[in-house]
Amino acid sequence: MILSAANARLKEIRKLARRSVRAERGLFLADGPKAVEGALGVSGCVQEIFATEAGAETYAALLAGQETTLVEDRAMAGLSDSVSPAGVVALCRFLDVPLADIAGPLVVICADVRDPGNAGTVIRCADAAGASGVILAGDSVDLYNPKTVRASVGSAFHLPIAVERDAMVAVKAAKAAGLTVLAADMHGTADLFTADALLARPTAWLMGNEAWGLPSELAAEADEVVSIPIFGKAESLNLSTAAALCVYASARAQRG
C-alpha cells in the first residue's frame, strides 16, 4: 500500500492535473467507478489502477482480475479533484480519434466550449441520444480535463470524440461528409419544435460558447440556424441543456 502523498509515483501522477503534462505524456486520470468502467472497456486504455481499501472493497466486482495498487485515503485524495472521492482512479492513455473518423448520422460540434462540466455533459447527452460522435473544436476545454471526464460519466470512453483546433475545419469536414450542419442559436430562423423534416437529415449540430454563442463566421457556414423556443421568462438555456434538446430532437426525427 502507498501510505504517503509524498510517494514519488503519486507525485508524478499528480502532475497530470496540468494540461501541458497530459499532452506531453499522452496520459490522463479517470476518476470514479463509471469512468474506470468505461476505460476498462477500451483495449489497452488503462495503464494502472489505484484504489483505497474501501474503494477496492466497494468496487470489487469492477476491479476483479485487475492489478490494483492500494493507496491510503489521504494519499489518494491528491489523485482526485472530486468533493467526494469514490476511492478508485485509473491512469489511462489518450483516446486519439481522427476527425475523419467522426461520421453521421448524428454528430455534435462544440465550438469554443470552455466549461468542462458543460463539455462532459454534452458528451454524455450525445451518447445517450445515440449520436455517432462529438468534435471538440476551436478553443474548447481539454477532453482529458478531469472534470470533463467525470461529467461524461463514462461516455468519453465509448463515444468517438475528435479534437480539432480550427472550428471552421470541423464544420467543413462535417459538410464534406454529407452532414447538414445545424447551428443552435436563439436568433435562428428555424424552430426546433417544427423542423422535423430538417432534423431527419444526417446532421451535425453546431453548439457555441457558453457566454457569447457562435462566432458569426461559423453560424454563416451552417446550412440552417435553429432556435429553441422559450415560453417563460428565462433569457436562454444552459449550453448542455440546449444540446440535449437538440440531439434528442434529431434522434427522434431520424428514427421516424
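Only a predicted model underlies this, so the values are computations on that prediction, with no experimental measurement involved.
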Heavy-atom side-chain proximity of Val122 to Val247 below 4.5 angstrom: no

- prompt: Hey, does Leu199 have a side-chain heavy atom less than 4.5 Å from the side chain of Trp205?
  reply: yes

query: So do Leu136 and Val113 actually touch side chain to side chain, heavy atoms under 4.5 Å?
result: no

- request: Show your reasoning for whether side-chain contact (heavy atoms from CB on, under 4.5 Å) applies to Arg25 and Leu91.
  value: CA-CA 11 Å; Arg25 299 180 182 179; Leu91 176 66; over 6 Å; no

- prompt: Between the main-chain N or O of Val149 and the side-chain N or O of Ser152, is there a donor-acceptor pair closer than 3.5 Å?
  reply: yes

Flag if over 12 foreign heavy atoms under 6.0 Å of CZ, Arg19: yes

Residue Glu53 excluded, over 12 heavy atoms near CD under 6.0 Å: no

message: Checking Tyr59 now: which residues fulfil ring pair (Phe, Tyr, Trp, His ring centres under 6.0 Å) with it, not counting sequence neighbours?
response: none

task: Identify the heavy atoms of Ala251 and Ala129 that sit nearest to each other, and give their distance.
output: CB-O, 3.5 Å

message: Keeping Arg14 on the side-chain end and Ala5 on the backbone end, is there a donor-acceptor pair under 3.5 Å?
response: yes

- prompt: So, does Ser20 use its side chain to make a donor-acceptor pair with the main chain of Arg18 at under 3.5 Å?
  reply: no

- prompt: Do Glu217 side-chain atoms and Leu214 backbone N/O form a donor-acceptor pair below 3.5 Å?
  reply: no

- request: Can you sort out the partners of Tyr248 under ring pair (Phe, Tyr, Trp, His ring centres under 6.0 Å), two or more places apart, ordered by chain and number?
  value: none

- request: Indicate yes or no: does Lys147 engage Asp115 in a salt bridge with an N to O separation below 4.0 Å.
  value: no

- request: Identify whether Val46 and Leu63 are in the same connected component of the hydrophobic contact network (ILVMFWY, side-chain heavy atoms under 4.5 Å).
  value: yes

query: Given the rule that I, L, V, M, F, W and Y join up when any side-chain heavy atoms are under 4.5 Å apart, are Leu182 and Val171 in one cluster?
result: no

task: Mind checking the CG-OG spacing from Asp191 to Ser227? Nearest 0.5 Å is all I need.
output: 5.0 Å

task: Identify the two heavy atoms, one from Ala190 and one from Leu198, that lie closest to each other, and give their separation to 0.1 Å.
output: CB-CD2, 4.4 Å

query: Got more than 12 heavy atoms from elsewhere within 6.0 Å of CD, Glu235?
result: no

- request: Grab the two heavy atoms, one from Phe28 and one from Arg22, that are nearest each other, plus how far apart they are.
  value: CB-CD, 4.0 Å

- request: To the nearest 0.5 angstrom, please state how far the CD1 atom of Ile135 sits from the CG atom of Leu99.
  value: 5.0 Å

Ser82 vs Arg150 side-chain heavy atoms within contact, under 4.5 Å: yes

- request: Let me see the working for Ile123 and Leu143 under side-chain contact (heavy atoms from CB on, under 4.5 Å), right down to the final yes or no.
  value: CA-CA 10 Å; Ile123 291 168; Leu143 169 60; 4.0 Å; yes

query: Does Glu210 offer a backbone N or O that forms a donor-acceptor pair with the side chain of Arg114 under 3.5 Å?
result: no

query: Can Val107 and Ser132 be said to form a side-chain contact (heavy atoms from CB on, under 4.5 Å), step by step?
result: CA-CA 6 Å; Val107 170; Ser132 41; 3.8 Å; yes

- prompt: With a 4.5 Å limit on heavy-atom distance, are the side chains of Met76 and Leu79 in contact?
  reply: yes

statement: Only residue of Asn209, Asn238, Thr148 satisfying side-chain contact (heavy atoms from CB on, under 4.5 Å) with Asn118 is Asn238

task: Would you indicate whether the side-chain heavy atoms of Asp31 and Pro146 approach each other to under 4.5 Å?
output: no

Can you give each donor-acceptor pair under 3.5 Å made by side-chain atoms of residues 158-168, sequence neighbours left out, with the distance rounded to 0.1 Å?
residue: His158; atom: ND1; partner: Asp127; partner atom: OD2; Å: 3.0
residue: His158; atom: NE2; partner: Gly154; partner atom: O; Å: 3.2
residue: Glu164; atom: OE2; partner: Asp166; partner atom: N; Å: 2.9
residue: Arg165; atom: NH1; partner: Gly138; partner atom: O; Å: 3.4
residue: Asp166; atom: OD1; partner: Met168; partner atom: N; Å: 3.0
residue: Asp166; atom: OD1; partner: Val169; partner atom: N; Å: 3.4

message: Would a single hydrophobic cluster contain both Leu106 and Leu245, if residues Ile, Leu, Val, Met, Phe, Trp and Tyr are joined by side-chain heavy-atom contacts under 4.5 Å?
response: yes

task: Identify the heavy atoms of Ser140 and Cys110 that sit nearest to each other, and give their distance.
output: OG-O, 3.1 Å

Residues, nucleotides or ligands: over 12 heavy atoms within 6.0 Å of Glu12 CD: yes

message: A side-chain contact here means heavy atoms from C-beta on lying under 4.5 Å apart; do Cys246 and Ile228 qualify?
response: yes

Val108 with Leu239, same ILVMFWY side-chain cluster at under 4.5 Å: yes

- prompt: So, do Met186 and Ile230 sit near enough that their side-chain heavy atoms are less than 4.5 Å apart?
  reply: no

Interatomic spacing from CZ in Phe50 to CD1 in Ile13 - rounded to 0.5 Å: 3.0 Å

field: Reported CG-to-CH2 distance for the pair Asp112 and Trp212, which is rounded to 0.5 angstrom
entry: 6.5 Å

field: Nearest-0.5 Å distance that lies between atom CZ in Arg93 and atom CG in Leu27
entry: 10.0 Å

- prompt: Would Leu40 and Leu95 show up in the same hydrophobic cluster when neighbours are defined by side-chain heavy atoms closer than 4.5 Å?
  reply: no

query: Any idea which heavy atoms bring Leu62 and Gln66 closest together, and the distance?
result: O-CG, 4.2 Å

query: Is the shortest distance from a Lys or Arg side-chain nitrogen in Lys15 or Glu24 to a carboxylate oxygen in the other one below 4.0 Å?
result: no

task: Rounded to the nearest 0.5 Å, what's the gap from OG1 on Thr203 to CD on Glu224? Could you check?
output: 11.0 Å

message: Other residues, nucleotides and ligands only: do more than 12 of their heavy atoms fall within 6.0 Å of NZ on Lys11?
response: no

task: For Asp223 and Thr180, run side-chain hydrogen bond (donor to acceptor under 3.5 Å, both in side chains): C-alpha distance rounded to whole Å, both residues' side-chain angles, the deciding distance at 0.1 Å, then the answer.
output: CA-CA 6 Å; Asp223 295 294; Thr180 296; 4.8 Å; no

- request: Give a yes or no on this: more than 12 heavy atoms of other residues, nucleotides or ligands lie within 6.0 Å of atom CZ of Arg124.
  value: no

task: Kindly give the heavy-atom pair with the smallest separation between Glu67 and Ile49, and that separation in Å.
output: O-CB, 4.0 Å

